[in-house]
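Counting from 1, the numbers follow the sequence of the chain as shown. If you're wondering where the values come from, they're calculated on a predicted model, not measured in any experiment.
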Amino acid sequence: MLSVCIPVYNTDIRHLVRQLLQQAETFGQPVELIVMDDASEEACKLINREISTLPGITYSELPVNTGRSKIRNLMAAKARYPYLLFLDADSLLPGDHFLSTYLDHMEPGSIVCGGTAYPDERPGNPESLLRWTYGRCHEQIGPAKRKKKPFAITSNNFVIHRETFLQHPFRDSIRSYGHEDTVLGYDLWSAGIEIVHTYNPVIHTGLESSEVYLDKTQKALANLLFITRNIVTDPVFAQHSGLLRLRNILGKLGVRKMTGVIFNCFERRLRKHLTGPEPRLYLFNLYRIGYICSLE
């Protein structure tokens with residue numbers, strides 16, 4: 001009935017796997033767990049190999065890193081059951097009814113997104129505050145707000161009919177980090193496939209340091225610009241990104257290049273604040289628009 005697909009890269013997967021196995025016992029339908037390692041460091045693989053002997057788990061390791069899109073397509077091809085549940089490895093289940101909640105929403109020809117939650121407690125390590133603050137304000141949102149964006153999908157937590165996914169997989173051509181799930185949502189939306197939003201979140205535990213998060217933000221923004229220029233050139237795709245819309249407006253006003261130059265002058269000062277103990281999200285938004293304008 002359900003194949004749970006979890007790509008892994010340098011993350012301890014054992015706790016999440018145990019939670020899923022416990023819920024699978026009372027799910028009432030067959031469940032398999034497919035865990036695929038995307039060429040993690042050896043120390044991480046040694047830890048996660050502990051799950052390979054557990055019943056109901058297919059664990060494998062790729063010899064080279066394939067990227068966030070291709071590894072998910074590989075897992076879907078290996079899946080035995082008609083529905084796929086994609087989860088990120090840096091997740092935990094908030095309660096005992098996570099799988100059974102999805103059972104009520106599984107229908108052919110649709111995709112169901114459960115959402116993301118963050119720990120209520122402020123991180124004790126100030127180096128992780130930017131990721132936690134942004135996640136709590138902009139990613140921990142309910143179904144009503146999520147469905148206002150027509151093809152908003154986050155790859156860390158969704159269920160899709162396997163045949164639907166095989167017809168509209170992640171695009172293997174997206175190798176760099178960021179927005180491969182946005183493109184998947186666009187492809188499904190363009191094909192007329194219903195994107196359903198419900199409240200069934202996973203807790204995001206991968207709170208990287210603010211320095212790392214800023215670096216990943218830069219990679220994601222560069223990849224977003226690459227996608228709009230080389231992979232999805234439909235103007236509708238760009239119109240649903242607030243950053244791209246603002247970037248285009250600044251271009252029409254003739255100040256986009258100047259915005260990028262100003263960003264380069266103040267980037268160090270902005271980064272120092274955002275990696276500090278009280279990061280302000282309006283400055284993070286300025287950082288993102290300034291960076292994407294600097295990519296000329």
Side-chain angles (χ1 to χ4, degrees), residues 1-27 30-81 83-102 113-119 123 125 128 131-132 135 139 154-160 162 165 170 177-178 180-181 200-209 212-213 216:
M1 177 66 176
L2 181 65
S3 298
V4 184
C5 303
I6 311 174
V8 181
Y9 182 71
N10 289 334
T11 303
D12 186 345
I13 194 67
R14 294 174 297 177
H15 191 179
L16 176 60
V17 164
R18 293 190 184 100
Q19 286 185 306
L20 289 165
L21 289 176
Q22 185 176 9
Q23 293 195 20
E25 294 178 358
T26 58
F27 186 59
V31 178
E32 68 170 346
L33 270 64
I34 302 173
V35 180
M36 188 174 289
D37 184 278
D38 203 8
S40 297
E41 296 176 0
E42 189 63 26
C44 180
K45 290 190 285 190
L46 286 172
I47 291 173
N48 287 330
R49 283 169 190 160
E50 293 180 14
I51 68 170
S52 62
T53 59
L54 298 175
I57 293 182
T58 301
Y59 175 79
S60 59
E61 298 172 358
L62 300 179
V64 294
N65 186 273
T66 63
R68 294 161 58 89
S69 295
K70 188 172 184 178
I71 191 172
R72 288 173 169 83
N73 294 341
L74 291 172
M75 288 188 290
K78 294 183 66 172
R80 293 186 295 157
Y81 295 132
Y83 289 93
L84 307 174
L85 166 59
F86 284 98
L87 297 175
D88 278 358
D90 57 350
S91 304
L92 289 178
L93 309 185
D96 298 330
H97 305 289
F98 177 77
L99 291 183
S100 60
T101 299
Y102 267 133
C113 303
T116 306
Y118 281 77
N125 184 358
S128 302
R131 186 70 186 94
W132 179 79
E139 296 176 357
T154 51
S155 58
N156 69 319
N157 179 22
F158 71 90
V159 165
I160 188 170
R162 182 172 181 268
F165 182 81
F170 285 99
Y177 171 82
E180 69 285 339
D181 46 5
N200 195 29
V202 293
I203 300 173
H204 181 206
T205 61
L207 296 179
E208 58 267 84
S209 71
V212 171
Y213 184 52
K216 291 176 70 173

When you measure from the side chain of Gln22 to the backbone N and O of Val17, does any donor-acceptor pair fall under 3.5 Å? no

SB check Glu50 Lys45 (cutoff 4.0 Å): no

Within the supplied structure, the quantity of interest is the number of heavy atoms (other residues, nucleotides, ligands) at a distance under 6.0 Å from Asp96 CG; does it exceed 12? no

Can you measure from CD1 (Ile47) to CD (Glu41) and round to the nearest 0.5 angstrom? 10.5 Å

Determine, stepwise, if the pair Asp88 / Arg72 fulfils salt bridge (Lys or Arg N to Asp or Glu O under 4.0 Å). CA-CA 10 Å; Asp88 278 358; Arg72 288 173 169 83; 2.7 Å; yes

Shortest non-hydrogen separation from Leu99 to Gln23 and the atoms involved: N-OE1, 3.0 Å

Worked check of salt bridge (Lys or Arg N to Asp or Glu O under 4.0 Å) between Glu180 and Lys70: CA-CA 10 Å; Glu180 69 285 339; Lys70 188 172 184 178; over 6 Å; no

Just by distance, with hydrogens left out, do Thr116 and Asn156 show a side-chain donor and acceptor under 3.5 Å apart? yes

Validation row: Thr58, Val35 side chains within 4.5 angstrom (heavy atoms): no

Which value, rounded to the nearest 0.5 Å, describes the distance between Leu2 atom CG and Leu84 atom CG? 8.0 Å

Quick one: are Arg14 and Gln19 in side-chain contact, heavy atoms under 4.5 Å? no

For the residue pair Asn157 and Tyr102, establish whether any side-chain heavy-atom pair is separated by less than 4.5 Å. yes

Please confirm whether the backbone N or O of Phe98 pairs with a side-chain atom of Asn200, one donor and one acceptor, at under 3.5 Å? yes

Side chain to side chain contact (heavy atoms under 4.5 Å, CB included) evaluation trace for Asp38 with Thr66: CA-CA 7 Å; Asp38 203 8; Thr66 63; 3.3 Å; yes

State whether a side-chain donor-acceptor pair under 3.5 Å links Arg68 with Tyr9. no

Between Ile160 and Leu85, is the side chain to side chain contact (heavy atoms under 4.5 Å, CB included) condition met? List the steps. CA-CA 7 Å; Ile160 188 170; Leu85 166 59; over 6 Å; no

Report yes or no: does Asn48 contribute a side-chain atom to a donor-acceptor pair with the main-chain N or O of Asp12 at less than 3.5 Å? no

Under 3.5 Å, side chain of Glu61 to main-chain N/O of Asp37, donor-acceptor pair present? no

Judged by atom type as modelled, is there a donor-acceptor pair below 3.5 Å linking the side chain of Asn73 to the main-chain atoms of Phe170? yes

Is there a donor-acceptor contact under 3.5 Å from the side chain of Ser91 to the main chain of Leu87? no

So, taking the atom named OH in Tyr81 and the one named CZ in Arg162, what distance separates them when rounded to the nearest 0.5 Å? 12.0 Å

Any donor-acceptor pair under 3.5 Å from Arg131 side chain to Ser209 backbone: no

Closest heavy-atom contact between Ala89 and Pro7? CB-O, 3.5 Å

Do Met36 and Val8 come within less than 4.5 Å of each other through their side chains, counting heavy atoms only? no

Main-chain N/O of Arg49 paired to Ser52 side chain as donor or acceptor, under 3.5 Å: yes

Side chain to side chain contact (heavy atoms under 4.5 Å, CB included) evaluation trace for Val31 with Met1: CA-CA 6 Å; Val31 178; Met1 177 66 176; over 6 Å; no

Can you tell me if Asp181 uses its side chain to pair, donor with acceptor, with the backbone of Ser155 under 3.5 Å? yes

Do Leu16 and Asp90 touch side chain to side chain, with heavy atoms closer than 4.5 Å? no

Modelled atom types, side-chain donor and acceptor of Glu32 and Ser3, under 3.5 Å: yes

From CA spacing to verdict: side chain to side chain contact (heavy atoms under 4.5 Å, CB included), Ile34, Ile6: CA-CA 6 Å; Ile34 302 173; Ile6 311 174; over 6 Å; no

Measure up the Phe165 and Phe86 rings against each other and bin them: parallel (under 30°), tilted (30 to 60°), perpendicular (over 60°). tilted

Answer yes or no: are there more than 12 heavy-atom neighbours, outside Glu42 itself, under 6.0 Å from its atom CD? yes

Is there side-chain contact between Pro119 and Ile203, with heavy atoms separated by less than 4.5 Å? yes

Does any non-hydrogen side-chain atom of His15 lie less than 4.5 Å from one of Leu92? yes

